[in-house]
Structures are given as C-alpha cells and as structure tokens.
Amino acid sequence: KAGVTQTPRYLIKTRGQQVTLSCSPISGHRSVSWYQQTPGQGLQFLFEYFSETQRNKGNFPGRFSGRQFSNSRSEMNVSTLELGDSALYLCASSLKASGIYEQFFGPGTRLTVL
Amino acid sequence: TQLLEQSPQFLSIQEGENLTVYCNSSSVFSSLQWYRQEPGEGPVLLVTVVTGGEVKKLKRLTFQFGDARKDSSLHITAAQPGDTGLYLCAGEDNNNDMRFGAGTRLTVKP
C-alpha cells in the first residue's frame, strides 16, 4: 500500500507570494490533517479535513487555508507569505477507525520564504 | 504551554546504553502514540497504546501507558546509532483531536 505523498518536497518563495502544497493520503483514508513544524514551535496543528469538510482548525491566521477533494486528496494554501512561514509542512492521513486515531505522515514539504 | 510535556528535551548517549524518555500531561487521553522522526522526513508511527497500564514491546523499545492514561514512557535498551532521531508523543484527547509534545531529540554516538 502506498504511503502518504506530498508535493513538492522543497519550495523557495519570496515574501508576499502565495503557495499551494498538495497531499495524497493512503488509499482508503478519508481524514487528512496538516501541521507546521519549526525548530522553535515544534508540530503545530493547522487543520483537519474529513470527507471534504474542514473538521477542525488550529490557531493560524486566515492566510492559511485548505481544501479536500472527493478522492481525499488535499491541498493547503498560504497567501501573502511571510518570513516566519518558513517551515516543514506535514500532511498526515488517518482511517479514524473506531476509538483509535492513528496518523501516518508524509515526508513533508520544506518551504523557505526569502 | 504544551498539553503534552516531553522530557528530557535533548539526550546524548553512547551506543549500548539504556535510556527512558517521558511524556506527561494533566489530561486524560483515549489513546497515545509514539513517533520517531529523522531530519527532513515526516514522523513515523512506532506504537499506539490504548489501555491504562498497557505495556508494548517493539524489539529493544518498550512503551508504557500510565494507569490513569495521562502519561507514557519509552524505554530503549542497548541504544544504537540508528535510534537517533526526534521522538514525539501524541495523544487523542476527549474531543478526538490529536495533540503533540515538543519531542525528545536523541543522539546515540557510536
């Protein structure tokens, strides 16, 4: 079974630009969560999508948005990039089976904002 | 303030030594996971514990879930350089949200 894939793996942008990151979950997984990871803040939850609906949202500004398609693939978008948005963006998919919530992560997209 | 507190934050040991890292919270979790992350990669799920007092073994790694389901520990026996990485614990809270600790960065020197 193929794992979670994320594209692109690396991205360099300049301040003020916008970026779209893509995530393909494990086949059959309907839940996709996005996280931002930085050395100072660790893993910070951005949002979770389940069956094309945003189920939960972390404490990030409105510049961060996402969506999920009918095939469970998900995208996240960051507009008006700031230097502080430089981070590893991780996507995780989950089956969300009864009672146990296990997440499987992709390799991440390393975003550098200059 | 992290909902899940991990300690120590950094740990550097010699190959062959034993170590324990901790994950503590004042909240109860319905399940708790341990992940290991290597530089530039996503976290890899090691284990999920669900029952209070549960102990799971994965080769040289032993995971324990506290009786009250508020804390967990990871013990590694005879550490090897391949064990080097960032160890993260994550818990599913009563709202079915996943919370992550800040991690323990382990370095095992040959």
Side-chain angles (χ1 to χ4, degrees), chain A residues 1-11 21 23-26 29-50 54-59 87-112, chain B residues 1-10 21 23-25 27-52 54 56 58 63 65 69 72 85-107:
Chain A
K1 194 186 245 188
V4 178
T5 58
Q6 291 187 247
T7 57
R9 288 295 308 274
Y10 303 92
L11 205 49
L21 312 181
C23 171
S24 292
I26 292 172
H29 286 194
R30 293 163 64 189
S31 168
V32 174
S33 297
W34 288 90
Y35 294 86
Q36 181 196 66
Q37 187 176 35
T38 58
Q41 297 296 319
L43 263 168
Q44 301 288 312
F45 172 74
L46 280 157
F47 27 67
E48 180 195 1
Y49 286 87
F50 185 85
Q54 186 179 89
R55 193 189 78 86
N56 206 354
K57 191 177 191 302
N59 190 26
L88 181 66
Y89 289 88
L90 293 161
C91 159
S93 79
S94 173
L95 191 57
K96 291 217 100 167
S98 57
I100 299 177
Y101 184 7
E102 291 181 330
Q103 292 189 317
F104 297 87
F105 285 84
T109 294
R110 170 75 61 187
L111 172 64
T112 302
Chain B
T1 305
Q2 295 278 358
L3 187 64
L4 283 164
E5 298 288 341
Q6 290 192 245
S7 61
Q9 190 176 356
F10 299 96
V21 298
C23 175
N24 295 299
S25 176
S27 301
V28 175
F29 293 96
S30 54
S31 69
L32 193 140
Q33 289 82 42
W34 283 93
Y35 295 82
R36 184 167 74 95
Q37 184 179 22
E38 298 189 25
E41 299 294 329
V44 175
L45 180 65
L46 296 173
V47 77
T48 297
V49 286
V50 178
T51 307
E54 181 177 5
K56 280 192 174 179
L58 186 66
F63 305 86
F65 201 13
R69 292 186 291 135
S72 181
L86 177 68
Y87 287 82
L88 295 160
C89 67
E92 180 185 3
D93 64 20
N94 291 335
N95 294 322
N96 299 124
D97 292 331
M98 189 65 73
R99 306 286 184 175
F100 280 83
T104 292
R105 190 164 296 280
L106 171 66
T107 302

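A, B, ... follow the sequence lines: proteins, then strands. Residue 1 opens every chain. In this text the structure is predicted, and so the values were computed from the model without any measurement.
- The environment of CD in B:Gln9 is sparse: at most 12 heavy-atom neighbours from other residues, nucleotides or ligands sit within 6.0 Å.
- Chosen from A:Phe45, A:Tyr35, A:Phe104, A:Tyr10, the residue pairing most often with chain B at heavy-atom distances under 4.5 Å is A:Tyr35.
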Derivation of the side-chain contact (heavy atoms from CB on, under 4.5 Å) call for B:Phe100 and A:Gln37: CA-CA 11 Å; B:Phe100 280 83; A:Gln37 187 176 35; over 6 Å; no

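- Contact detail for A:Leu90 and B:Pro43: the closest heavy-atom pair is CD1-CD, 3.8 Å.
- With rounding to the nearest 0.5 Å, the separation of CD in B:Glu41 from CG in A:Leu88 is 9.0 Å.
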